[in-house]
Amino acid sequence: MRRPDRRVSASASEPRIIRSTMMDPQDSDDGDELEAVPQTVPTLPSLQRERAPLQKSSVCSRSYFMVVMVFFHVYIINVIALLFYVHYNNTPRDALVTAGSGNPVSGGGDHHKPPESHQRQSGSESAFTRDVHLPRLEGIRVGHVQKVSLVPGKMHEMRTLSLKPLLFEIPGFLSEEECRVVVHLAQLKGLMESQVMVPEGQKELTEQLNLSSEEIFNLLDLNQDGQLQLQEILTHSRVLDGIWLTPENLREIYAGLKADPDGNGLLSLEEFRLLGMDAFQRYLQQRGVKSSQLVRNSKHTWLYQGHGAHQVLRDLKKRVTRLTRLPSALVDLSEPLQVVRYEQGGHYHAHHDSGPVYPETACTHTRLAANTSTPFETSCRYITVLFYLNSVEGGGDTAFPVADNRTYEEVSLIQNNVDLMDTRKNCDKSNLRVKPVKGTAVFWYNYLSDGQGWVGEQDEYSLHGGCVVTSGTKWVANNWINIDPDYQRQARYQQLVSLQPEEGREEGPGEGPGEGPQQGPEDGIEEGPGEGPEEDQPQSQLSPEQRHTDSHQEL
Ligand code: OGA
Ligand code: CA
Ligand code: FE2
């Protein structure tokens, strides 16, 4: 389905070429005329005056002819282009699956192609012809305000907050009453700790990699000076078993383990070798940790937004569909609403809501359609829509440490013992902070476009976190729109889901009505081991067995 487009655009450029070649003779005519004029002017001024209109009219008639010819050609080319377009559009698309079943962009909002009633299937890989162009909002420039129509009879203002990531703010997205209802529904359902300590999360990974102390040392020693600086250890791993490491607690660990006798904060290869692989973890486990030392210190729950859900939750989903302009099929099949509560002292260190996608990375939501098991997995949250359900008394901003930075370098995130990802300490050094105001929504793209209308690479600049709440409680909610950067997988997944019984369809992967909080797609996983700072997708760090179990739950 790309071909007709190309055909059309080719024809659109053709008239331009024709016009330029057609204009040449006329230009040379004008040139002739100009050349003739100086010769006649000095000798026959009166004649020239008479000749001028004559000449003009002949030029006129010739150019008139040219213009007619140009239009004629353009007309013919347009007709041909149209015929091509119609031809390709009507070619039986054996494989193209549509209508919210297989074609990820069908069954969508008002501005999309009408869903086709038929559904064709084919088992082959080429089964899903790519005929899509996901709309992506334009930021124009930071501070740009555009009016958006999200609810009948009301216009909202949407302000661009940054271009990297593409990030917007919409005040009054929810009414006070809607905020109240969402908080109330979350309380009724019950919230659970977003992160709990699970011992020995990362050991397995080190074992799997089967690296020697020396090899690990060399990997960590970024500047290759034969010493491990605190910064090098933190850059590699901000988190051990879900515990957020700071320069201070690293020093404390060194002291506790007597790992750094001279106390200069550097580890030599010898010192590192003596420590053993999991000394840090063992030390932290037995020392015990407070929730303020975790990656995330909050509680959350999931609220289903499909058929039978509270009207406010369904309205919210509809509004999100209008805001993002994405096909409703994609929004309907995304995760339920996540409602989060931070108590005073709560925080969420900077992270990516969704991780990078490599060829061997699976998306959690389309695992159902993946034929092979993959070593990596992420949630493929194309968009985050974050709602502030109350105005926080003190602190609790959402920080984007590197928004609109000129470059993104992981090593630059910690400099001179200042860790930009630490939202308990360094929110004031973030490039951008959003204050929680009741009813305001912010939304951003966690992935770039692939340049062809689909989801592309992860946008690293979307790094963000929740600053520590210094006073009062903070309530937020997240709507994530899941799209697989692998178009074929997304299409296959939608087709599979469409074949499921109706009840299961709108629930999104992993949560059914009436199911307990343990059944959400992230549940039991966010609580799981080794929640990483780069992504709140601890699934990727689960063992294959654990992942397997989860995938069965989700089915
Ligand atoms: C999140 C998140 C930010 C905030 O829940 O993923 O980044 O301000 N929250 O609470
Ligand atoms: Ca070093
Ligand atoms: Fe987040």
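Numbering of ligands and ligand atoms starts at 1, following listing order.
Using a 4.5 Å heavy-atom threshold, the side chains of R251 and D260 count as separate. No side-chain heavy atom of P171 sits less than 4.5 Å from a side-chain heavy atom of R159.
Rounded to 10°, the angle formed at the Fe ion (ligand 3) by H351 NE2 and D353 OD1 is 90°. The O atom of Q227 and the OE1 atom of Q229 meet at the Ca ion (ligand 2) at an angle of about 90°, given to 10°. Around the Ca ion (ligand 2), the angle linking E232 (OE1) with D225 (OD1) is 160°, rounded to 10 degrees.
Atom OH of Y408 sits in a crowded spot, with more than 12 heavy atoms from other residues, nucleotides or ligands closer than 6.0 Å. Heavy-atom neighbours of H184 NE2 from other residues, nucleotides or ligands within 6.0 Å: at or below the threshold of 12.
Using a 4.0 Å cut-off to heavy atoms of D353, the atoms of ligand 1 that qualify are 6 (O). For ligand 1, the atoms closer than 4.0 angstrom to any heavy atom of Y348 are 1 (C), 2 (C), 5 (O), 6 (O). Atoms of ligand 1 found under 4.0 Å from any heavy atom of G466, numbered from 1 in the order shown, are 4 (C), 8 (O). Of all atoms in ligand 1, numbered sequentially from 1 with element shown, those under 4.0 Å from a heavy atom of H351 are 1 (C), 2 (C), 6 (O), 7 (O). Residue K474 approaches ligand 1 through these ligand atoms, each under 4.0 Å from one of its heavy atoms: 4 (C), 8 (O), 10 (O).
Coordination check, H352 versus the Fe ion (ligand 3): failed, since every N/O/S atom of the residue sits at 2.8 Å or beyond.
Paired with Y382 under the rule side-chain contact (heavy atoms from CB on, under 4.5 Å), one option of D484, V455, N482 passes, and it is V455.
Of the charged side-chain nitrogens involved, at least one lies within less than 4.0 Å of a carboxylate oxygen, so that D397 and K435 count as a salt-bridged pair.
Between F400 and W444, the ring planes lie perpendicular to each other; the angle is over 60°, past the 30° to 60° tilted range.
The N, O or S atom of D221 with the smallest distance to the Ca ion (ligand 2) is OD1.
For H349 and H351, the ring centers sit 6.0 Å or farther from each other.
At a heavy-atom cutoff of 4.0 Å, ligand 1 is contacted by no atom of T384, backbone or side chain.
Considering both main-chain and side-chain atoms, Q338 never comes within under 3.5 Å of ligand 1 through any nitrogen or oxygen pair.
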